[in-house]
Protein chains: 2
Amino acid sequence: MTGQAADAPRRSRTPLSRQRVLSAAVALADGGGVDALSMRRLAQEFGVVPMALYKHVANKDELLDGMIDAVVGEIDPPVADADWKTAVRLRVLSARRMLLRHPWASGVIEARMKARTAPTPAVMAYLDSMIGLFRAGGFSLDLVHHAMHIMGSRLLGFSQELFDDGADRAPDPDALPPEEMAARYPHITELAMAVAHDEGSVVGGGCDDQFEFEFALDLTLDGLERLHAAAN
Amino acid sequence: MTGQAADAPRRSRTPLSRQRVLSAAVALADGGGVDALSMRRLAQEFGVVPMALYKHVANKDELLDGMIDAVVGEIDPPVADADWKTAVRLRVLSARRMLLRHPWASGVIEARMKARTAPTPAVMAYLDSMIGLFRAGGFSLDLVHHAMHIMGSRLLGFSQELFDDGADRAPDPDALPPEEMAARYPHITELAMAVAHDEGSVVGGGCDDQFEFEFALDLTLDGLERLHAAAN
DNA sequence: GCCGGGGGTGTACGGCGTCCACCTACGGTG
DNA sequence: CACCGTAGGTGGACGCCGTACACCCCCGGC
């Protein structure tokens, strides 16, 4: 009783905000997988006509972006007062827990990564702070660069080439101005700048995907070899 | 001139086999990405009505499976007379070249992996022979097991959990009988058997995904740490 | 009291995968 | 040579999908 707007049986229960749409979409994808998520299905979750959703999200792509941002935001922030290794470790494990909670997420993130001009803000923030952890541990920019490539698949479930860093892509209509970029994602910017002009560097040169791939592969193989030798 | 069946302007040029359908589908996906591939689009590539394709492939999923098998078959066979490390290295690099040739492949393979009961035969064969390379190098079953988990994302572009090895999945209607399985994929079978009952093992126990993930993560982090230390 | 606009509605279009009934041409058999 | 079974292509329809466009209604501010 005395319910004020929660259960009026006649008109739209709650005004249906972007937040509500997003979380309903996440919930719908959590159970039933990503292809159980259609605009029509989502709309009828609210007892509303499909087009109503478009007053709160631009289109389905933008809906997916919003969902990504939401779940990436669930990843725990880095712990303070820890060496780089445990900090990175904990963060990655937290990311993994998120991905297990939302099994659709890794696929969607990866797909968005491959096609879209820029990752969503939350993903950017996550990557930026991850780079920050390595930097705080004293890693050189080159080494951080390699580290990010190496950990690619572990970081968020997608496999490779997080930043091939433009030039070939379409010129991205709504890119942040550089100063904005630098302010918001200082570590990403720093790294991107370094990669952009350093040609001969400590470990390797530029951002050659093939080189990065082999570098990561060899690191892994060396690790396996060490294990193998130790198991004698 | 004297063309015998190549240019008759009236009736079906060439009878449209499963092979032709598959390669046309691969070509269509190579240019234009995976969502440029629709049954209707593919059909009109042959100047034929969509349903005609269904005489040669069961449905779109089966078409995708066929495409996967085709491109995975492009991966070079292992080189003979080489130590395990270079053999694995060359094979993985060959796989990568294939994935760069067919950018849609990694995504499709990963998606199929996540949902399907068993990978396609060519993928199975690839994994089996990869395991064989490690085994030939003297790796213990446990270590090979870890190695396959670690290299997951590098192996074929998908991220994780190649073999969580059934039990929870749907019982798979058309599974191979065990002896067939063992004959065709000896290394996979051997490894699966070992994982199935060995509980306390050299490196770790059973096939605990969480354990495998952390194991791989730590191997990577250790490798990075070594690089970091060496860079002083 | 009026009015502008945010938010929900209705309809429609083009594309998708695929089921179904149908036809047609061809090779093998009597 | 007549016959027929069948492999392979056809045409249409169904039920989904995302979303463009026009509309309308109701509420808050002037």
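Letters A, B, ... mirror the listed sequences (proteins, then strands); counts begin at 1.
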Distance-only criterion, 3.5 Å: show the donor-acceptor pairs between side-chain atoms of residues 26-46 of chain B and protein atoms not counting sequence neighbours.
| unit_1 | atom_1 | unit_2 | atom_2 | d |
| --- | --- | --- | --- | --- |
| D30(B) | OD1 | H102(B) | ND1 | 2.8 |
| D30(B) | OD1 | W104(B) | NE1 | 2.6 |
| D30(B) | OD2 | H102(B) | ND1 | 3.0 |
| S38(B) | OG | R41(B) | N | 3.0 |
| R41(B) | NH1 | E45(B) | OE1 | 3.2 |

Are [X] and [Y] side-chain neighbours, meaning at least one heavy-atom pair lies under 4.5 Å?
{"X": "R112(A)", "Y": "D61(A)", "answer": "yes"}
{"X": "L141(B)", "Y": "R135(B)", "answer": "yes"}
{"X": "V72(B)", "Y": "I109(B)", "answer": "yes"}

[X] [atom1] to [N] [atom2], straight-line distance once rounded to whole Å:
{"X": "K60(B)", "N": "dG15(C)", "atom1": "NZ", "atom2": "P", "result": "15 Å"}
{"X": "R18(B)", "N": "dA7(D)", "atom1": "CZ", "atom2": "P", "result": "17 Å"}
{"X": "Y54(A)", "N": "dT19(D)", "atom1": "OH", "atom2": "P", "result": "4 Å"}
{"X": "L53(A)", "N": "dC17(D)", "atom1": "CG", "atom2": "P", "result": "12 Å"}
{"X": "R20(A)", "N": "dG7(C)", "atom1": "CZ", "atom2": "C1'", "result": "13 Å"}

Checking all strands, does K55(A) fall into the base, sugar-phosphate, or nothing category for heavy-atom contacts under 4.0 angstrom?
-> base
Name all residues meeting the side-chain contact (heavy atoms from CB on, under 4.5 Å) criterion together with S94(A); count only those two or more places apart in sequence or in a different chain, and write none if there are none.
-> I75(A), D76(A), R97(A)
Is S129(A) reaching over with its side chain to a backbone N or O of G132(A), donor-acceptor style, under 3.5 angstrom?
->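 Side chain of S129(A) to backbone of G132(A): no pair is present.
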Does H56(A) have a side-chain nitrogen or oxygen under 4.0 Å from the phosphate oxygens OP1 or OP2 of dG6(C)?
->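 Indeed not, no polar side-chain atom of H56(A) lies that close.
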Within residues 31-51 of chain A, find the residues that approach DNA chain C with a heavy atom at under 4.0 Å, and present them sorted by residue number.
-> R40(A), V48(A), V49(A), M51(A)
